[in-house]
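Notes follow the structure.
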Amino acid sequence: MKKRWLVLGVSWIVFFVAFLDRVNLSVAMPLISKEFSLSPEQVGYLFSAFFISYTVFQIPGGYLSDKVGPKKVLLVALVWWSIMTMATGVARTFSQFFIVRVLFGIGEGLQPPCAFKLNSNWFPNQERATANAIFTSACSFGPAIAPSIAVAIIGLWGWHALFYIFGALGFVIMPLLYFFVKNSPEEDPDISKEELEYIKSGQTEIVTQTTDSEEVGLMSVLKNRNIVLLALTYFGFMCAFFGLLSWLPSYLVKARGFELVKMGIFSGLPFLALGIAQPFGGWLSDKVFKGKRKIQAMVVNLAAGPVLYGVVVAPTETVAMALLVCTGFLVGMATGVMNAGGSIGGILSPIIIGYLVGMSGYNAAFVFMGGALVFTALVVSLVKLPPRAEA
């Protein structure tokens with residue numbers, strides 16, 4: 001195996017474990033909220049606590065990755081969030097859960113920029129998009145697999161053990177990162193001369209010259225209409241994605257009456273569909289909607305909104321789950337076109353849904369998430385693509 005693909009494989013495993021640790025609270029929340037009498041509003045704040053620090057610490061994560069190397073930062077981040085995952089198992093009050101989740105988000109926030117830095121160092125330009133697509137597939141398969149594993153652990157040893165075991169998993173995979181990953185191919189004594197030359201020859205730098213008269217900085221960004229619209233697009237999209245990721249297990253247990261094991265199986269299905277649809281959405285974008293990617297993004301988001309709302313009004317469990325899977329597939333097709341971002345949506349969405357559930361029940365929550373997808377489609381329609389992109 002070529003060394004660059006081995007590095008990518010280890011990065012994928014680390015990211016997969018990171019998503020296992022993100023999802024475990026959602027799976028355990030029906031039990032935690034009952035045991036500690038947490039209101040829906042408090043649950044929303046606990047889900048959001050992670051995204052606050054996760055968003056903020058991606059910036060120092062990128063800076064530290066450049067200064068001290070992505071491997072060292074990633075090792076520290078992995079140890080940090082694994083300890084915080086285990087600490088979640090000993091929390092006993094709302095305040096303790098909130099503090100631990102904020103601290104947990106620090107470690108996970110450092111991880112993405114380090115992983116993408118490794119991909120940048122190890123892959124030539126012509127393979128980088130493929131490497132990043134493989135890497136980010138963990139975002140789908142983590143939530144797809146985690147619920148089944150989590151409920152099995154909870155069924156055997158209780159929800160506390162879930163966090164101890166998932167946290168310990170970080171230390172199990174740490175030797176892979178320590179022994180098999182280097183910051184760059186130049187630092188790896190085992191890489192072949194041919195592979196090293198192949199990587200370096202494909203890493204040509206693109207330099208953009210700017211004149212003194214050009215505006216730079218935050219104000220120039222805010223004045224760019226497309227950047228603002230794309231930010232709103234990501235915000236709407238992530239309101240739905242992270243809202244579903246955080247609240248789906250609680251909805252299935254409390255509103256649909258699912259037993260824990262059944263919830264663990266079915267709550268992963270829409271994210272499995274999402275993972276399958278992502279490469280299909282990318283293929284569709286390249287082969288069918290080439291030059292018209294905006295139309296694809298509009299259509300799939302506009303369709304996903306009503307389908308998602310249909311889940312909450314579906315007359316039977318079978319219909320509800322079928323609609324959830326369809327939603328996952330449509331969202332996956334959207335991410336095949338849109339590079340998912342919008343951490344602010346991740347921060348606000350769980351809190352908003354918590355208040356909606358507390359005041360009006362899950363119907364209002366699904367109206368919000370479905371509406372967020374429709375909002376995304378409408379904003380996408382306002383984005384002006386350059387002529388070459390529409391050709």
Side-chain angles (χ1 to χ4, degrees), residues 16-54 81-105 107-108 139 141-170 241-272 324 346 349-351 353-354 357-358 362 365:
F16 177 75
V17 170
F19 254 86
L20 293 182
D21 291 341
R22 292 184 203 182
V23 176
N24 53 21
L25 184 66
S26 300
V27 178
M29 186 52 73
L31 299 176
I32 293 174
S33 61
K34 181 179 180 180
E35 181 174 338
F36 298 104
S37 301
L38 301 178
S39 68
E41 294 84 355
Q42 288 177 310
V43 172
Y45 280 111
L46 291 183
F47 287 143
S48 178
F50 159 78
F51 291 105
I52 296 171
S53 51
Y54 175 78
W81 90 62
S82 297
I83 292 173
M84 290 303 118
T85 298
M86 291 188 286
T88 308
V90 300
R92 293 294 182 272
T93 66
F94 169 78
S95 298
Q96 291 173 359
F97 277 112
F98 188 88
I99 292 171
V100 169
R101 292 299 289 182
V102 170
L103 294 175
F104 169 72
E108 294 242 348
C139 299
F141 292 109
I145 297 172
S148 296
I149 300 173
V151 297
I153 293 172
I154 292 173
L156 290 171
W157 301 294
W159 69 263
H160 301 275
L162 169 64
F163 296 99
Y164 303 148
I165 293 173
F166 274 27
L169 187 59
F241 179 82
F242 284 118
L244 200 61
L245 185 70
S246 300
W247 281 95
L248 181 57
S250 294
Y251 164 73
L252 293 178
V253 171
K254 295 189 175 182
R256 285 284 173 181
F258 279 27
E259 297 292 334
L260 197 62
V261 174
K262 188 176 180 181
M263 176 270 285
I265 296 172
F266 284 97
S267 62
L269 289 181
F271 299 101
L272 179 61
L324 270 174
S349 179
I351 296 175
I353 292 174
V357 171
Y362 282 97

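Quick caveat: nothing in here was measured; it's all calculated off a predicted structure.
- Using a 4.5 Å heavy-atom cutoff, the side chains of L169 and T85 are not in contact.
- Formation of a donor-acceptor pair under 3.5 Å by the S48 side chain with backbone atoms of G44 is not found in this model.
- For the pair D21 and N24, the tightest heavy-atom approach, listed with the atom from each and the gap, is O-OD1, 2.7 Å.
- For the pair S246 (side chain) and G243 (backbone), a donor-acceptor distance under 3.5 Å is absent.
- Taken from CZ in R256 to CG in L248, the straight-line distance is 11.0 Å, to the nearest 0.5 Å.
- Ring geometry for Y54 against F51 counts as perpendicular: the plane angle is over 60°, on a 0 to 90° scale with 30° as the lower cut.
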**Request:** Verify ring pair (Phe, Tyr, Trp, His ring centres under 6.0 Å) between F50 and F104, making sure each step is shown before the conclusion.
**Result:** CA-CA 7 Å; F50 159 78; F104 169 72; 5.4 Å; yes
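- Here the straight-line distance linking atom CH2 of W159 with atom CG of L260 works out to 13.5 Å at 0.5 Å rounding.
- Side-chain contact between L46 and L38 is present, with heavy atoms from C-beta onward closer than 4.5 Å.
- Side-chain contact between Y251 and V357: absent, with no pair of heavy atoms (C-beta onward) separated by less than 4.5 Å.
- When every heavy atom of V27 is checked against every heavy atom of A150, the shortest pair comes out as CG1-CB, 3.7 Å.
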**Chi angles and distances behind the side-chain contact (heavy atoms from CB on, under 4.5 Å) call for L25, I32** = CA-CA 9 Å; L25 184 66; I32 293 174; 3.9 Å; yes
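- Between F47 and F242, the closest side-chain pair of non-hydrogen atoms is not below 4.5 Å.
- Heavy atoms only, all atoms of each residue included: K254 and S33 are closest at NZ-OG, 3.0 Å.
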**Message:** Determine whether F266 and L324 satisfy the following criterion, side-chain contact (heavy atoms from CB on, under 4.5 Å), listing intermediate values before the conclusion.
**Reply:** CA-CA 9 Å; F266 284 97; L324 270 174; over 6 Å; no
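- Crowding of E259 atom CD: a count of heavy atoms from other residues, nucleotides or ligands under 6.0 Å not exceeding 12.
- Side-chain contact between W247 and S349 is absent, with no heavy-atom pair separated by less than 4.5 Å.
- Checking side-chain atoms of Y164 against main-chain N and O of G89 turns up a donor-acceptor pair under 3.5 Å.
- The shortest non-hydrogen separation linking P147 to S267 is CB-OG, 3.2 Å.
- Counting only distance, with no hydrogens or angles, the side chain of S148 and the backbone of G264 share a donor-acceptor pair below 3.5 Å.
- Between T88 and L162 there is no side-chain heavy-atom pair separated by less than 4.5 Å.
- Annotation: cation-pi geometry satisfied between R22 and F19 (NZ/CZ under 6.0 angstrom from ring centroid, within 45° of ring axis).
- To the nearest 0.5 angstrom, K262 atom NZ is 9.5 Å from L252 atom CG.
- Heavy-atom minimum distance, G167 versus S82: O-CB, 3.3 Å.
- A side-chain donor-acceptor contact under 3.5 Å links R92 to the backbone of V90.
- Distance check: F166 CZ to W81 CH2 gives 13.5 Å after rounding to the nearest 0.5 Å.
- Nearest heavy atom pair, residue A255 against residue Y362, reads CB-CD1, 3.8 Å.
- Side-chain contact between Y45 and F97: absent, with no pair of heavy atoms (C-beta onward) separated by less than 4.5 Å.
- Counting only heavy atoms from C-beta outward, the side chains of Q42 and F36 never approach each other to under 4.5 Å.
- The distance from atom OG of S53 to atom CG of L103, rounded to the nearest 0.5 Å, is 7.5 Å.
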